[in-house]
Undergrad: 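Shown below is the structure under consideration.
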Amino acid sequence: MNLKTEWLSAARTEDIQRAADLLKNGGLVGLPTETVYGLAANALDGGVVKKIFLAKGRPQDNPLIVHVASVEQVAPLVQVFPAGAQALAKAYWPGPLTIILPKADCIPLETSAGLPTVAVRFPAHPAAQAVIRACGLPLAAPSGNLSGRPSPTTAQHMWHDMQGRIDAVLDGGPCEVGVESTVVTLAGERPRLLRPGGITLEQLQAVLGPVDVDEAVLNRLPEGETAASPGMKYKHYAPNARVIIIKGTSGQYAAYVNSHAAPGVAALCYKEEEPMLQVPCISYGGQGDDRALAHELFRALRAFDDDTGVKLVYARCPEPTGLGMAVYNRLIRAAGFEVLQL
Ligand code: TXA
Ligand code: MG
């Protein structure tokens, strides 16, 4: 793969049009959304969608989210648009929520990775909406990272991973939420949360009533078990360094890390812990400030990966409630479920 990737700016109308034209012609474009950058292509063309998997190095059995720019655009993509889904759309779209429904025939098996369902999302980012409207197509877009890397939360991250592999990156500034959308399936008997994100479990329950939480959201899937959301079965993001989550007070954490200080040891800490630590550290927000933690998590993990000297990261992680559940879900995987309670 050696494409000449164009750098486009969402602030320029002609660049939005350029992105839309590339997409209409079967191209791949990095698009900003409010969650993370996505790698977009025409969701209705299986041949084009195949190129997404190649560019990312993504396993073929991991289905893609289809992005729309209005609620009306959903009906032709699904067999049914049940009342629960419409209520969710009304409450949280446009926004960081993906809803899984039985798919219509126009969704190619490449997009759904062979499943009878399709994931749909109406993103809030104005540039994503403008491009979808300008090309008039539903866009399949996984996160725009190389498979196995943290999702990109800036156009520069996306460029770093995808330059030469796709047609363009549209710069729309840093993503507001910073972790990928909440994924909920309404294709089964009861609503089930498959991936926590910017819309919290509590927010889903407020609209739907009881919502099951898939086993894989907070736990390691037992060997050989099939994941309801295929993305959950992959070791989602494996950093170069070993990551261990440390639970306890800030004082206990600092004492532990400082007594284990050595070359290659680093810390992913809360902001107020920085001055207490005697190892290289990256803070990603204040304790309890789950919005900041979500916003900064992937940037911080990328920074550790870029420093090849870092071999072991002692990390702080919020409790799995509210938006903290999304941060916990990503970080516990990055840590291979290694947790030390002090
Ligand atoms: O915020 C986001 O959702 C970003 C932006 C670009 O919109 N996209 C994103 O896509 O995170 P991706 O491909 O990295 O994650 C999609 C997740 C995967 O875990 C996938 O397995 C799951 O959604 N998924 C997609 N379609 C599904 C389906 N039909 N059934 C079950 N899970 C599905
Ligand atoms: Mg992804």
Side-chain angles (χ1 to χ4, degrees), residues 1-43 45 47-58 64-69 94 96 121-181 237 294-307:
M1 250 170 286
N2 197 12
L3 290 172
K4 195 180 169 311
T5 307
E6 297 174 34
W7 181 272
L8 304 172
S9 165
R12 295 151 55 118
T13 334
E14 62 270 33
D15 283 12
I16 298 276
Q17 192 54 51
R18 175 68 184 151
D21 289 342
L22 286 167
L23 289 162
K24 272 196 280 195
N25 291 314
L28 302 186
V29 176
L31 271 194
T33 84
E34 75 281 22
T35 56
V36 300
Y37 275 72
L39 175 43
N42 179 0
D45 184 330
V48 166
V49 167
K50 269 195 188 143
K51 295 198 294 181
I52 294 182
F53 288 87
L54 280 177
K56 273 185 67 97
R58 180 180 176 104
L64 306 179
I65 295 172
V66 177
H67 297 70
V68 296
R121 170 160 119 79
F122 178 179
H125 199 295
Q129 294 179 7
V131 171
I132 297 167
R133 276 197 300 269
C135 68
L137 293 166
L139 297 178
S143 51
N145 50 290
L146 280 176
S147 219
R149 293 264 294 156
S151 294
T153 54
T154 66
Q156 286 77 12
H157 292 163
M158 177 116 209
W159 183 264
H160 179 274
D161 281 16
M162 288 296 160
Q163 188 261 331
R165 307 172 77 89
I166 63 175
D167 296 286
V169 172
L170 180 66
D171 181 9
C175 301
E176 193 189 318
V177 180
V179 291
E180 307 88 342
S181 63
Y237 156 67
H295 189 266
E296 292 297 312
L297 177 67
F298 288 143
R299 176 199 60 81
L301 290 173
R302 274 184 182 255
F304 284 120
D305 267 357
D306 293 343
D307 181 347

Undergrad: With a 4.5 Å heavy-atom cut-off, do Ser181 and Ile65 have their side chains touching?
TA: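 Yes, side chains in contact.
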Undergrad: Look at Glu34 together with Arg121 and state whether they make a salt bridge at an N to O cut-off of under 4.0 Å.
TA: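 Yes.
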Undergrad: Going from CD on Gln163 to CE on Met158, what distance comes out if it is rounded to the nearest 0.5 angstrom?
TA: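 It comes to 11.5 Å.
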Undergrad: Between atom CD of Glu180 and atom CG of Asn145, what is the distance when rounded to the nearest 0.5 Å?
TA: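 Atom-to-atom, Glu180:CD and Asn145:CG are 7.5 Å apart.
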Undergrad: Using a 3.5 Å distance criterion without hydrogens, assess whether the side chain of His125 forms a donor-acceptor pair with backbone atoms of Gly172.
TA: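 Yes, the answer is positive, given that a donor and an acceptor are paired below the 3.5 Å cut-off.
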Undergrad: Donor-acceptor pair, distance only, cut-off 3.5 Å: does the side chain of Thr5 make one with the backbone of Gly164?
TA: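 Side chain of Thr5 to backbone of Gly164, a donor-acceptor pair under 3.5 Å: yes, one is there.
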Undergrad: In this structure, which one of Met162, His160, Arg58 forms a side-chain contact (heavy atoms from CB on, under 4.5 Å) with Leu146?
TA: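 That would be Met162; it is the only one of Met162, His160, Arg58 passing the side-chain contact (heavy atoms from CB on, under 4.5 Å) with Leu146.
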Undergrad: Within the side chain of Tyr37, is there an N or O that forms a donor-acceptor pair under 3.5 Å with the backbone of Val169?
TA: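 Answer holds: no.
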Undergrad: Counting C-beta onward and ignoring hydrogens, is there a side-chain heavy-atom pair between Leu8 and Arg12 closer than 4.5 Å?
TA: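 The answer is no; the side chains never approach within 4.5 Å.
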Undergrad: Is there a donor-acceptor pair under 3.5 Å between the side chain of Lys56 and the backbone N or O of Pro142?
TA: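 Here the side-chain-to-backbone pair does not exist.
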Undergrad: Check whether more than 12 heavy atoms from other residues, nucleotides or ligands sit under 6.0 Å from atom CD of Glu6, and answer yes or no.
TA: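 Atom CD in Glu6 is packed in, count exceeds 12.
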Undergrad: Roughly how far, to the nearest 0.5 Å, is the OG atom of Ser9 from the CZ atom of Arg18?
TA: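 Result: 15.0 Å between the selected atoms.
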Undergrad: Which heavy atom in Ala141 sits nearest to a heavy atom in Ala40, and how many Å separate them?
TA: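 Taking every non-hydrogen atom into account, CB-CA, 3.9 Å.
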Undergrad: Grab the two heavy atoms, one from Ser143 and one from Val36, that are nearest each other, plus how far apart they are.
TA: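 Heavy-atom minimum between the residues: CB-CG2, 3.9 Å.
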Undergrad: I need the minimum non-hydrogen distance between Asp171 and Gln156, along with the two atoms involved.
TA: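 Looks like OD2-NE2, 4.5 Å.
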Undergrad: Working to the nearest 0.5 Å, report the span between CZ of Phe53 and CG of Leu39.
TA: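 Atom-to-atom, Phe53:CZ and Leu39:CG are 10.5 Å apart.
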Undergrad: Do Val29 and Val131 come within less than 4.5 Å of each other through their side chains, counting heavy atoms only?
TA: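 Not in contact.
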Undergrad: Hey, does Gln129 have a side-chain heavy atom less than 4.5 Å from the side chain of Phe122?
TA: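 Result yes, sub-4.5 Å side-chain heavy-atom pair found.
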Undergrad: Could you check whether any side-chain heavy atom of His67 comes within less than 4.5 Å of a side-chain heavy atom of Ile132, counting everything from C-beta outward?
TA: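 Counting from C-beta outward, His67 and Ile132 do come under 4.5 Å.
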Undergrad: Check this for me, if you would: do Arg302 and Asp161 make a salt bridge, where the nitrogen-to-carboxylate-oxygen distance has to be below 4.0 angstrom?
TA: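 Answer for the salt bridge query: yes.
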Undergrad: Please report the interatomic distance CG(Asn42) to CG(Leu137), rounded to the nearest 0.5 Å.
TA: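 CG of Leu137 is found 4.5 Å from CG of Asn42.
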Undergrad: Could you grab the distance from atom SG of Cys135 to atom CG of Leu22, nearest 0.5 Å is fine?
TA: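 If I round to the nearest 0.5 Å, the distance is 10.5 Å.
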Undergrad: With distance as the sole test, does Asn25 use its side chain to make a donor-acceptor pair with the main-chain N or O of Gly27 at under 3.5 Å?
TA: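 Pair absent, no side-chain N/O of Asn25 close to backbone of Gly27.
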Undergrad: Could you tell me if the side chain of Pro150 sits less than 4.5 Å from the side chain of Asp305, heavy atoms only?
TA: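 Yes; the side chains approach each other to less than 4.5 Å.
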Undergrad: Looking at Pro94 and Ala124, what are the two nearest heavy atoms and their distance?
TA: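 The pair with the smallest heavy-atom distance is CB-CA, 3.6 Å.
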Undergrad: Indicate yes or no: at least one non-hydrogen side-chain atom of Thr35 is less than 4.5 angstrom from one of Val179.
TA: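 A side-chain contact under 4.5 Å is absent here.
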Undergrad: Against Leu28, only a single residue in Leu23, Ile52, Val49 fulfils side-chain contact (heavy atoms from CB on, under 4.5 Å); can you say which?
TA: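 One option only clears the test, and that one is Ile52.
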